[in-house]
Participant: 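My questions all concern the structure below.
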Amino acid sequence: MPANGNYLIFLTAVSIALLLVLILAVKLHAFLALLLTSMALGLAAHMPPERVLKSIQTGFGDALGFIVVVVGLGAMIGRFLEHSGGAQVLADWLVEKFGKDRAAWALLVASFLVGLPIFFEVGFVILAPLVWNLAKETKRSLLFYGMPMAAALTITHSLVPPHPAPAAASQLLGGDLGTTILYGIVVSIPVAIFGGMMYGSWIAKRIYVEVPAIAATTKRHDVEHAPHVAIVILLLLLPILLIFGATVANLRHVPFQGAAVFLGHPFTALTITALVAIYFFGIRRGVTRDGAMKLAAESLAPMGALLCIMGGGGAFKQIIVDTGVGAYMGKMLATSPISPLVVVFVVAAALRLAQGSATVAIITAAGIVAPIVKGIPGYRPDMIVLALCCGGSGFSHVSDSGFWLVNQYFGMSVAETLKSWTAMKILSSFLALGIVLLMQAFLR
């Protein structure tokens, strides 16, 4: 335990405050803010300058060495699903099968499945026209159909890899990505039902929202040449089934165990799924090889900023490790009556409340707490990852771009958006934490 431990804790608190000032007041990009804060913390802790730079390089590389592949393949799968109209086909098919009386449940299921590979914003824009049409036909409040869609999309985006934030948190905190995916889905299902169906139907009775004017100017996806719904469902479930197979194979001695583990590794599972998506959602639908290559390249373009932020979070984490404050605070937390799951939840929630972006909040929080909570006896890394993601998923308000997307596409006032969307996000995050705490108690 370092003699200057309390001083290092003070420096770390100041560096976090500096990070928030750089992002919120100076309006510096989160990547640059993380790099500058990492340098400042290292130098203030009397690390030699060359050691500071080496720590940043190590942390950056460790954070991205695994996650680049996962996030890149996930983005590619989502892009082909979006381009093919597969998400729209799935939603239409589920609404038809469930019937108009249970269309809200159909939207919840469709949004949950679509939300596994597709970013929240993209899935929201794709499925919004279906919400508008159902609200127009039934004369119900738009929230009756919109909340199930929004809840399912946002909870999978925050809790289930290969989405960037939970994937990066899993890497930084030493979690197993396959296990995080499976546990993330287990937590997401009841939370999506609560936020989308229970709270959604409750608030829809109290706030009547009409179909907004934007509905008249937005066209639905062309689904005439879209893939069959069975192929869409297979693609969405394929990586999960492969990863689950590897998990089972690791627990039990089964025939071809080595092959099952290899195929179920996130790299292999997502690569296979990406190739299936390129063929069935691209080549087979008439997309040329050059066109398929262009779609793949387009899917990777937006990843640049996210990967830089992830690397910056890894650099900040490594500086905290190398100063010694991580080990010092970890020992304090291990003897504290406060659960580490609650600690990481509060850190992520505070960052989310302060600066708006769930992705930045989760990745930054993971970098801050990783040196503190890693290796605490009795706590599974995957549970810590999920607790942190729960904190980062709540408190969406006026500083969050997702808040304004919901506000505009649902045609609500700011007050109505706070009462519906923001309240749902906050309640869902606390429910998700409660589920994670229960899982930790049973899985210890």
Participant: Checking the side chain of E416 only, and the main-chain atoms of S413 only, is there a donor and an acceptor separated by less than 3.5 Å?
Facilitator: yes
Participant: Measure across L235 and V276 and return the closest heavy-atom pair with its distance rounded to 0.1 Å.
Facilitator: CD1-CG1, 4.1 Å
Participant: Strictly distance-based, threshold 3.5 Å: is any side-chain N or O of R140 a donor or acceptor partner for the main-chain N or O of A135?
Facilitator: no
Participant: Report the C-alpha separation of V131 and L127 in whole Å, then their side-chain angles, then the decisive distance to 0.1 Å, and conclude whether the side chain to side chain contact (heavy atoms under 4.5 Å, CB included) test is met.
Facilitator: CA-CA 7 Å; V131 171; L127 297 176; 5.5 Å; no
Participant: To the nearest 0.5 Å, how far apart are OG1 in T364 and CG in L20?
Facilitator: 8.5 Å
Participant: Between K425 and D400, does any side-chain N to carboxylate O distance fall below 4.0 Å?
Facilitator: no
Participant: Answer whether the closest heavy-atom distance between the side chains of Y183 and M439 falls below 4.5 Å.
Facilitator: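 Of all side-chain heavy-atom pairs linking M439 with Y183, at least one is under 4.5 Å.
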Participant: Is it the case that atom CZ in F98 sees more than 12 heavy atoms from other parts of the structure closer than 6.0 Å?
Facilitator: yes
Participant: Taking side-chain hydrogen bond (donor to acceptor under 3.5 Å, both in side chains) as the cut-off, I'd like each qualifying pair that reaches into residues 296-308, sequence neighbours left out, listed once.
Facilitator: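 The answer is R79-E298.
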Participant: How many angstroms lie between atom CG of L433 and atom OG of S428, to the nearest 0.5 angstrom?
Facilitator: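 If we round to the nearest 0.5 Å, L433:CG and S428:OG are 12.5 Å apart.
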Participant: Looking only at atom types and distance, does a side-chain atom of S429 sit under 3.5 Å from a main-chain N or O of I426, one as donor and one as acceptor?
Facilitator: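 Checking the backbone N and O of I426 against the side chain of S429, a donor-acceptor pair under 3.5 Å is found.
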Participant: Could you walk me through whether Y145 and M149 pass the side chain to side chain contact (heavy atoms under 4.5 Å, CB included) test, one step at a time?
Facilitator: CA-CA 7 Å; Y145 300 106; M149 176 196 74; over 6 Å; no
Participant: Taking the side chain from Q440 and the backbone from G378, do they hold a donor-acceptor pair closer than 3.5 Å?
Facilitator: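 Yes.
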Participant: Using side chain to side chain contact (heavy atoms under 4.5 Å, CB included), reason through V343 and V373 one step at a time and then give a plain yes or no.
Facilitator: CA-CA 9 Å; V343 172; V373 299; 5.5 Å; no
Participant: Does some side-chain heavy atom of T37 sit less than 4.5 Å from a side-chain heavy atom of I319?
Facilitator: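 They are not in contact (no side-chain heavy atoms under 4.5 Å apart), so the answer is no.
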Participant: Counting N and O atoms only, with roles assigned by atom type, does the side chain of H163 sit under 3.5 Å from a partner on the main chain of A165, one being a donor and the other an acceptor?
Facilitator: no
Participant: Side-chain contact, heavy-atom cut-off 4.5 Å: I309 with T359?
Facilitator: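 They are not in side-chain contact.
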Participant: Is any side-chain heavy atom of I185 less than 4.5 Å from a side-chain heavy atom of L116?
Facilitator: yes
Participant: Between W132 and Y409, does the ring centroid distance fall short of 6.0 Å?
Facilitator: yes
Participant: Enter the distance from D62:CG to K317:NZ here, rounded to the nearest 0.5 Å.
Facilitator: 5.5 Å
Participant: With a 3.5 Å distance limit and no angle check, can you tell me whether S84 reaches the backbone of L81 through a side-chain donor-acceptor pair?
Facilitator: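 Flag set: sc S84 to bb L81 pair under 3.5 Å.
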Participant: Tell me if a side-chain donor or acceptor on T422 pairs with a main-chain N or O of K419 at a distance below 3.5 Å.
Facilitator: no
Participant: Step by step, would you call W105 with F144 a ring pair (Phe, Tyr, Trp, His ring centres under 6.0 Å)?
Facilitator: CA-CA 10 Å; W105 281 100; F144 185 79; over 10 Å; no
Participant: Using side chain to side chain contact (heavy atoms under 4.5 Å, CB included), reason through K97 and W93 one step at a time and then give a plain yes or no.
Facilitator: CA-CA 6 Å; K97 294 300 179 184; W93 180 78; 3.3 Å; yes
Participant: Verify the distance criterion only: is there a donor paired with an acceptor across the side chains of N133 and E137 at less than 3.5 Å?
Facilitator: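 No, E137 and N133 have no side-chain donor paired with an acceptor closer than 3.5 Å.
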Participant: Are any side-chain N or O atoms of S111 and backbone N or O atoms of L108, one a donor and one an acceptor, separated by less than 3.5 Å?
Facilitator: no
Participant: Angle class for the F119/H157 ring planes (parallel below 30°, perpendicular above 60°, tilted otherwise)?
Facilitator: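 Correct class here is perpendicular.
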Participant: Less than 4.5 Å apart, side chain to side chain, heavy atoms only: is that true for H83 and R285?
Facilitator: yes
Participant: What's the spacing between I16 CD1 and L351 CG if we round to 0.5 Å?
Facilitator: 7.5 Å
Participant: Over all heavy atoms of both residues, which pair between A169 and V385 is shortest? Give the atoms and the distance, please.
Facilitator: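 A169 and V385 have their closest heavy atoms at O-CG2, 3.8 Å.
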Participant: With rounding to the nearest 0.5 Å, note down the distance linking CD in Q318 to CG in L172.
Facilitator: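 Atom-to-atom, Q318:CD and L172:CG are 10.0 Å apart.
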Participant: Would the distance check show the side chain of S15 and the main-chain N or O of T12 forming a donor-acceptor pair, the cut-off being under 3.5 Å?
Facilitator: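 Checking the backbone N and O of T12 against the side chain of S15, a donor-acceptor pair under 3.5 Å is found.
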Participant: Please say whether the positively charged group of R284, taken as NZ for Lys or CZ for Arg, lies over the ring of F280, i.e. under 6.0 angstrom from the six-membered ring centre and within 45 degrees of the axis.
Facilitator: no
Participant: Kindly indicate whether the side chain of W421, heavy atoms from C-beta on, has any atom under 4.5 Å from the side chain of T154.
Facilitator: yes
Participant: Does a sphere of radius 6.0 Å around CZ in R206 hold more than 12 heavy atoms from other residues, nucleotides or ligands, not counting ones at 6.0 Å or beyond?
Facilitator: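 Yes - once you tally the heavy atoms of other residues, nucleotides and ligands closer than 6.0 Å, there are more than 12.
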Participant: Specify the closest pair of heavy atoms between P161 and P166, including all atoms of both residues, with the distance to one decimal.
Facilitator: N-CG, 3.8 Å
Participant: Would you compute the distance between atom OH of Y379 and atom CG of L173 and round it to the nearest 0.5 angstrom?
Facilitator: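 Answer rounded to 0.5 Å: 15.0 Å.
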Participant: Has the side chain of D382 got a donor or acceptor atom that lies under 3.5 Å from a matching backbone atom of D176?
Facilitator: yes
Participant: So do T271 and L73 actually touch side chain to side chain, heavy atoms under 4.5 Å?
Facilitator: yes
Participant: Evaluate the side-chain proximity of V414 to W404: yes if any heavy-atom separation is below 4.5 Å, no if none is.
Facilitator: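 Contact flag for W404/V414 side chains = yes.
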Participant: Under 6.0 Å between the ring centres of F410 and F124?
Facilitator: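 That pair passes the under 6.0 Å test.
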